[in-house]
Amino acid sequence: MSENQKVIEIEVLRYHPEKDNEPYQQVFEVPFTDDMSVLQGVQYIKDYLDGSLSFRWSCRMAICGSCGMMINGIPSLSCQTFLRDYYPARVRVEALAHFPIERDLVIGLEGFIEKLESIQPYIIPKEARTLAQGEYLQTPEQLGAYEQFSSCINCLLCYAACPQFGLNPSFIGPAATALLHRYNVDSRDGGKAERMELINSEQGVFNCTAVGYCSEVCPKGVDPANAVNQNKTNSAADYFLRFLAPKGGAK
Amino acid sequence: MSKRRPYVRSMDGWWRKNPFFVEYMIHEGTALFVAAYAGVLLTGLWRLSQGEAAWSAWLTALRNPWYIGFHLVALAAIGYHTYTWFKIMPRTMPPVIVGGQRLPGWVITAGGLAAAAVASLGLLALVWGMAR
Amino acid sequence: MKPGLKRSNAPIFWALFGAGGMLSALLGPMLVFITGLAIPLGILLPADTMSYPKMLAFAQNFIGKSFILAIIALFLWHAAHRIFHSLHDIGIHAGTGAKLLCYGLAMLGTVLAAYALLVIGF
C-alpha cells in the first residue's frame with residue numbers, strides 16, 4: 001500500500017441468523033482507487049478483511065440485477081455506485097429495504113419470485129400460429145407500447161423504494177406490475193383478462209399511493225409507477241363498466 | 001434443521017428516512033387543508049340555507065384574523081397540491097402519443113399547470129362578471 | 001378467479017379521489033383566494049360579490065347548485081382518501097375503523113351539503 005493510498009470507511013449491516021438476534025453495524029477500513037465501485041469495496045472486505053460477509057453479485061455491469069443494496073439509504077446497484085463519490089465520508093451499506101434479511105446483504109427473494117410467476121411473464125399467444133405461418137409481425141408503434149417495460153432486470157430496487165410494499169408485502173408491487181403490463185400491452189399477447197384479475201384484486205394496483213420513488217431509482221429507465229397507475233385506470237374502467245359490457249368483455 | 005431465520009426490519013418512521021418520502025408526506029398532508037376548506041364552504045352553505053342574518057354573520061366571521069390566517073396557509077397548501085398533482089401526472093396517466101412520439105413528462109406537467117392557470121383565471125373572470 | 005384473489009372495491013374511492021384531486025388542483029387555490037381572502041379583505045372583487053341575494057340566486061340556480069355540491073363533496077372525498085392512506089402510512093392500520101371514519105365523514109359532508117341545497121330551494 002503506497003503512502004498516498006486513500007482509505008474509506010464502509011459501514012455494513014451484518015446479520016448471521018445462526019448467531020445474531022438482530023442486525024448490527026460493522027465498520028471496515030477499505031483502501032480504494034477512484035475507479036472502484038461499492039461492490040468492489042465490499043468484495044475487498046470479503047477477500048481481505050472478513051470472509052464471512054455475504055452478498056450477491058454477478059455481472060459487475062448493471063445488467064444481471066443481483067447486487068442491489070441500500071447505499072446511504074438509497075436503493076442502488078452497488079456495481080454502478082462509486083466509492084469516490086462518498087469519500088472522505090463513510091459509506092453505509094445495507095440489504096435492500098422492505099425485504100427480509102437472509103444473511104448480511106442477502107435478502108429473501110421467495111415473495112418476489114411467487115409474484116413473478118403469478119403474472120405469467122411470457123406471451124400467451126392471441127392466436128396460435130404454426131411455424132409455417134411465419135413470425136408474428138409488429139409495427140414500431142406496437143413495440144413502443146411495451147419496450148421500456150421489457151428492460152426490467154428484476155433487481156428489486158423499486159421494491160426497496162416502495163413504502164407501500166414495505167407496509168404490505170402482499171402488494172404485487174412495481175416490477176411485477178411493470179412486467180405484467182409489458183405482456184398485457186404486447187400486440188401478440190392474449191392473456192390480459194387473466195392477468196387483470198391480479199391487478200383488480202386486493203393485492204393489486206390500488207395499494208399504490210403514487211409515491212413515484214420506484215421510477216426514480218430504476219437503473220434501467222423503466223417507469224414502473226406508470227405501469228401501476230395506468231392499470232388503476234384500466235382496473236377502474238373494468239370495475240365500473242363490467243356490468244355494461246357483455247360477458248367476455250368488449251375491449 | 002434449517003438455520004434460516006429471515007430478519008424483517010421495522011417500518012417505523014420510514015417516511016423520515018429519505019427526503020423524497022418527506023416531500024411525499026407533505027404533499028399528502030395538503031389533504032388536511034382541502035378537507036378543512038371544504039368544511040368552511042359547507043359551513044357557509046349551511047348558513048346560506050338559514051337565511052340572510054346567518055349568512056351575513058358568516059361573512060363577517062370570515063374577516064376574523066384567524067380565518068384570514070387559515071386561508072393564507074390553505075392557499076399555500078392547496079397551491080402546493082396543484083403543483084405536485086401535475087408534477088406526478090406524467091407517471092399517473094397513460095402515455096400520450098403525438099405524431100408517433102411519446103409526449104415528454106415535462107410537457108404534461110406544464111400543460112396541467114397551464115390548464116390550472118386558465119381555469120383559475122376563468123373562474124375569477126366569471127365571478128367578477130357575475131358580480132357586476 | 002384464482003383462489004384467494006378478492007376484487008378490490010378501491011376503484012370507487014379512487015375515482016372520487018381522482019376527481020376531487022383534479023378539481024382542487026384546477027380551482028382550489030383560486031377558490032380559497034376568492035372566498036377566503038379577496039371577499040373578506042375587500043380586495044379585487046366588488047364588495048357585494050358574495051352578498052346574500054347574489055349567493056342565494058347562485059345556489060338556487062341548477063348549475064350553481066351542481067357546482068357547489070361538486071366542489072364540497074369531491075374535495076371531501078379527495079381528502080378522505082388521502083388521509084385514510086396517510087394513516088396507514090404512519091403506521092395506524094386501523095383498517096375498517098379508519099375507513100369508516102374517513103369515508104363516513106366525507107359521506108356525511110356530502111349529505112349535509114345536498115340537504116342544505118335542497119332547503120335553499122330552486
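Only a predicted model underlies this, so the values are computations on that prediction, with no experimental measurement involved. Just so we're on the same page: letters track the sequence lines, and every chain starts at 1.
In this structure, chain C has heavy atoms under 4.5 Å from both the backbone and the side chain of B/L41. B/M130 touches chain C through backbone and side chain together, each having a heavy atom under 4.5 Å away. Using a 4.5 Å cut-off between heavy atoms, B/L72 contacts chain C through both its backbone and its side chain. Neither the backbone nor the side chain of C/L105 has a heavy atom closer than 4.5 Å to any heavy atom of chain B. No part of C/F84 comes within reach of chain B, as not one of its non-hydrogen atoms sits under 4.5 angstrom from that chain. At a 4.5 Å heavy-atom cutoff, B/F33 makes no contact with chain C through either its backbone or its side chain. Proximity to chain C is limited to the side chain of B/F86, based on heavy atoms less than 4.5 angstrom apart. Residue B/T92 does not touch chain C at all, counting heavy-atom pairs closer than 4.5 Å.
The distance from atom CD1 of C/I68 to atom CG of B/L42, rounded to the nearest 0.5 Å, is 11.0 Å. In this structure, B/M25 CE and C/I90 CD1 are separated by 6.0 Å, a value rounded to the nearest 0.5 Å. Interatomic distance, C/L27 CG to B/L124 CG, rounded to the nearest 0.5 Å: 11.5 Å. With values rounded to the nearest 0.5 angstrom, B/W85 atom CH2 is found 10.0 Å from C/L26 atom CG. For the atom pair CG of C/L41 and NE2 of B/H71, the computed distance is 10.5 Å after rounding to the nearest 0.5 Å. In this structure, the separation between OH on B/Y67 and CG on C/L37 is 13.0 Å, given to the nearest 0.5 Å.
Of all heavy-atom pairs spanning C/D48 and B/A131, the tightest one is OD1-O, 4.1 Å. The two residues C/P46 and B/W128 come nearest to each other via the heavy atoms CD-CD1, 3.7 Å. Nearest approach of C/S24 to B/I78, heavy atoms of both residues: O-CG2, 3.9 Å. Contact record, B/L75 with C/P29: CD1-O, 3.2 Å, taken as the closest heavy-atom pair. Of all the heavy atoms in B/A38 and C/I72, the pair that sits closest is CB-O, 4.0 Å. When all heavy atoms of B/L123 and C/F67 are compared, the pair lying nearest together is CD1-CZ, 4.2 Å.
Using a 4.5 Å heavy-atom threshold, the side chains of B/R47 and C/M55 count as separate. For the pair B/V40 and C/T35, the minimum side-chain heavy-atom distance is 4.5 Å or more.
Within a 6.0 Å radius of CZ in B/R91, more than 12 heavy atoms belonging to other residues, nucleotides or ligands are found.
Side chains of B/S49 and C/Y115: no donor on one and acceptor on the other come within 3.5 Å.
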